[in-house]
Amino acid sequence: MAKQIEFGLDTFGDVTRLPGGKPTSHGQVLRELIAEGELAEQVGVDVFGVGEHHRADFAVSAIEPVLAALAVKTEKIKLASAVTVLSSDDPIRVYQRFSTVQALSNGRAEMILGRGSFTESFPLFGLDLSDYDKLFSEKLDLLSLLLKEEKVSWKGTIRPELKKVTVYPRPETPIKTWIGVGGSPESVVRTASYNMPMLLAVIGGAASRFKPYVDLYKRAHDQFGTKPQPIGMHSPGHVGPTDAEAQEEYFEGYQKMHALIGKERGWPPLQKADFLREISHGSLYVGGPETVARKIADNVKALDLDRFTLKYSAGPQLFSTQMRGIELFGTKVIPLVRDMLA
């Protein structure tokens with residue numbers, strides 16, 4: 001019997017645009033995001049993820065209030081962070097906030113922990129980027145104890161020592177917690193050492209280049225004497241009625257996002273040919289339902305995945321376009337992928 005694959009949608013609350021081209025307000029984007037999560041459940045999506053950023057082009061800086069709002073608006077869909085930037089947060093507060101979402105959702109909350117791909121949160125919260133590795137390592141160590149033990153004793157260098165401390169509220173069921181991995185062997189091995197599921201962020205290039213990390217994760221579990229946990233993958237994309245329509249709908253906003261971030265990071269301007277190449281040979285899942293479904297199915301099989309999530313928001317897209325993409329992903333793409341994998 002084939003294993004049951006989960007399919008999800010992720011968003012960072014990218015600022016959308018109004019039909020006339022004007023940016024949508026952050027408040028309106030957040031309200032739209034709740035509607036998008038509700039629709040995702042209605043069309044059969046398994047997981048809805050919300051990521052945090054601390055800059056003008058994204059509306060979500062606090063994940064848990066958004067997930068809490070979705071918790072009381074939905075009944076079945078799993079509600080995840082995508083990701084929680086643990087390095088610049090307090091593990092105790094993260095645990096408390098997710099325990100609250102876990103209660104409000106009747107056990108549907110999930111944490112995906114990562115370092116994040118942006119660094120704005122470090123100076124914002126008074127943290128030194130030179131402590132980048134230490135902050136994540138020590139905070140992950142503390143949070144992992146909070147998830148496993150009721151009375152926690154912990155000692156590190158980033159905060160005062162804890163001695164038999166109990167943190168409230170206590171979750172009625174365990175909070176499933178993943179570690180997001182961007183592509184370093186050390187991160188893969190660390191994820192296995194904590195016996196947590198691994199979520200691969202594949203945002204550029206062919207997904208097949210991550211196969212060695214999947215193999216390493218399984219070997220590491222063998223050496224630790226533990227059973228491999230689920231493996232997931234997150235990549236950007238958009239579903240339209242046809243390949244041509246999907247590409248036309250997505251390109252403008254995606255190009256603007258690329259230009260904004262690229263200006264900060266020294267990337268060359270995105271050309272249409274590069275965009276199309278990333279669709280055909282890279283990590284962009286843009287096209288009609290059958291095209292997107294085929295690409296997902298191929299990579300689920302190639303990497304032996306248990307979960308695939310599509311990051312459907314990308315730059316100043318139209319809200320109506322995102323909503324139709326969500327509907328097509330749930331009603332068309334997911335059933336097609338399940339048939340292809342059967």
> Charged N to carboxylate O below 4.0 Å: is that the case for Lys134 and Asp128?
Replying inline: no
> Are the side chain of Gln317 and the backbone of Tyr250 linked by a donor-acceptor contact shorter than 3.5 Å?
Replying inline: yes
>> Do His26 and Val15 have side chains that approach each other closer than 4.5 Å (heavy atoms only, starting at C-beta)?
In response: yes
> Is there a path from Met233 to Leu9 through hydrophobic residues (I, L, V, M, F, W, Y) whose side chains come within less than 4.5 Å of each other?
Replying inline: yes
> Which pair of non-hydrogen atoms, one from Ile5 and one from Arg338, has the smallest distance, and what is that distance?
Replying inline: O-NH1, 2.8 Å
> Checking His234 side chain against Ile203 main chain: does a donor-acceptor pair fall under 3.5 Å?
Replying inline: no
> Asp46 and Ile77: which non-hydrogen atoms are nearest, and at how many Å?
Replying inline: O-CG1, 3.5 Å
>> Quick check: is Val47 connected to Val292 through a chain of hydrophobic side chains (ILVMFWY, heavy atoms under 4.5 Å apart)?
In response: no
> Are Val43 and Ile334 close enough that some pair of their side-chain heavy atoms sits under 4.5 Å apart?
Replying inline: no
> Is there side-chain contact between Phe48 and Leu70, with at least one heavy-atom pair below 4.5 Å?
Replying inline: yes
> Are Phe329 and Val337 close enough that some pair of their side-chain heavy atoms sits under 4.5 Å apart?
Replying inline: no
>> Would you say Val94 ends up clustered with Phe122 if hydrophobic residues are merged whenever their side chains have heavy atoms under 4.5 Å apart, either directly or through other cluster members?
In response: yes
> What are the two closest heavy atoms between Leu113 and Leu143, and how far apart are they?
Replying inline: CD1-CD2, 3.6 Å
>> Can you confirm whether more than 12 heavy atoms, excluding those of Glu172, are under 6.0 Å from its CD atom?
In response: no
>> Is the positively charged end of Arg265 above the ring of Phe118, judged by distance under 6.0 angstrom from the centroid and angle within 45° of the axis?
In response: yes
>> Does Ile279 form a side chain to side chain contact (heavy atoms under 4.5 Å, CB included) with Gln247? I'd like the steps, not just the answer.
In response: CA-CA 9 Å; Ile279 292 172; Gln247 291 169 16; 3.9 Å; yes
> Would a distance-only check, ignoring hydrogens and angles, find a side-chain to backbone donor-acceptor pair under 3.5 Å from Glu161 to Trp154?
Replying inline: no
>> Quick check for you: to the nearest 0.5 Å, what is the distance between Ser81 atom OG and Ile63 atom CD1?
In response: 5.0 Å
> With Arg97, which of Asp89, Asp90, Thr84 fulfils side-chain hydrogen bond (donor to acceptor under 3.5 Å, both in side chains)?
Replying inline: Asp89
>> Show the nearest heavy-atom pair for residues His54 and Glu120, with the distance to one decimal.
In response: O-CB, 3.7 Å
>> Any donor-acceptor pair under 3.5 Å linking the side-chain atoms of Thr74 with those of Arg108?
In response: yes
>> Quick check on Glu248: does its CD atom have over 12 non-hydrogen neighbours (other residues, nucleotides or ligands) under 6.0 Å away?
In response: no
>> Strictly distance-based, threshold 3.5 Å: is any side-chain N or O of Asp243 a donor or acceptor partner for the main-chain N or O of Gly288?
In response: yes
> Quick one: does Val60's side chain get under 4.5 Å of Thr11's, heavy atoms only?
Replying inline: no
> Does the side chain of Ser235 come under 3.5 Å of the side chain of Ser283 through a donor N or O and an acceptor N or O?
Replying inline: no
> Thinking salt bridges, do Lys256 and Glu252 make one under a 4.0 Å N-O criterion?
Replying inline: yes
> Do Gln28 and Ser25 have side-chain N/O donor and acceptor atoms under 3.5 Å apart?
Replying inline: no
>> I'd like to check Lys3 versus Asp304 (side-chain heavy atoms, cut-off strictly below 4.5 Å). Are they in contact?
In response: yes
> Distance from Glu75 atom CD to Glu38 atom CD, nearest 0.5 Å?
Replying inline: 11.0 Å
> Going from NZ on Lys139 to CG on Leu146, what distance comes out if it is rounded to the nearest 0.5 angstrom?
Replying inline: 13.0 Å
> Which heavy atom of Leu33 sits nearest a heavy atom of Val50, and at what distance?
Replying inline: CD2-CG2, 4.0 Å
>> For Arg93, is the CZ atom crowded, meaning more than 12 foreign heavy atoms sit under 6.0 Å from it?
In response: no
>> Under a 3.5 Å cutoff, is there a donor and acceptor pairing between the side chains of Tyr254 and His258?
In response: no
> Distance-only, no hydrogens or angles: does the Ser137 side chain make a donor-acceptor pair with backbone N or O of Asp133 under 3.5 Å?
Replying inline: no
> Is a side-chain donor-acceptor pair under 3.5 Å present for Thr100 with Glu64?
Replying inline: no
> Looking just at side-chain N and O atoms, do Thr157 and Glu138 make a donor-acceptor pair shorter than 3.5 Å?
Replying inline: yes
> Just by modelled atom types, is the Ser313 backbone N or O under 3.5 Å from a matching donor or acceptor in the Gln322 side chain?
Replying inline: no
> CE of Met196 to CZ of Arg190: how many Å apart, nearest 0.5 Å?
Replying inline: 11.0 Å
> Cluster question for you: counting only ILVMFWY and a side-chain heavy-atom cut-off of under 4.5 Å, with indirect links fine, are Val214 and Val202 together?
Replying inline: yes
> Got Ser99 and Tyr168 here, is their nearest side-chain heavy-atom distance under 4.5 Å?
Replying inline: no
>> Restricting to non-hydrogen atoms, name the atom on Pro197 and the atom on Thr177 that form the minimum distance, rounded to 0.1 Å.
In response: CD-O, 3.1 Å
> Do the rings of Phe12 and His53 sit parallel, tilted or perpendicular, given the 30° and 60° boundaries?
Replying inline: tilted
>> As a quick check of understanding, evaluate side chain to side chain contact (heavy atoms under 4.5 Å, CB included) for Tyr285 and Val333, giving each step before the final call.
In response: CA-CA 11 Å; Tyr285 294 70; Val333 174; over 6 Å; no
> Do Lys218 and Asp222 pass the salt bridge (Lys or Arg N to Asp or Glu O under 4.0 Å) test, and can you show the C-alpha distance, the side-chain angles, and the key distance before you say yes or no?
Replying inline: CA-CA 6 Å; Lys218 294 177 179 179; Asp222 285 342; over 6 Å; no
> Roughly how far, to the nearest 0.5 Å, is the CZ atom of Phe7 from the CZ atom of Arg307?
Replying inline: 11.5 Å
> Arg277 and Asp274: salt bridge (Lys or Arg N to Asp or Glu O under 4.0 Å), yes or no, with the steps?
Replying inline: CA-CA 5 Å; Arg277 190 178 306 110; Asp274 300 322; 2.8 Å; yes
> To the nearest 0.5 Å, what is the distance between CZ (Phe98) and CG (Leu67)?
Replying inline: 5.5 Å
>> Tell me if a side-chain donor or acceptor on Gln102 pairs with a main-chain N or O of Ala109 at a distance below 3.5 Å.
In response: yes
>> Are the side chains of Leu284 and Pro236 in contact, using a 4.5 Å heavy-atom criterion?
In response: yes
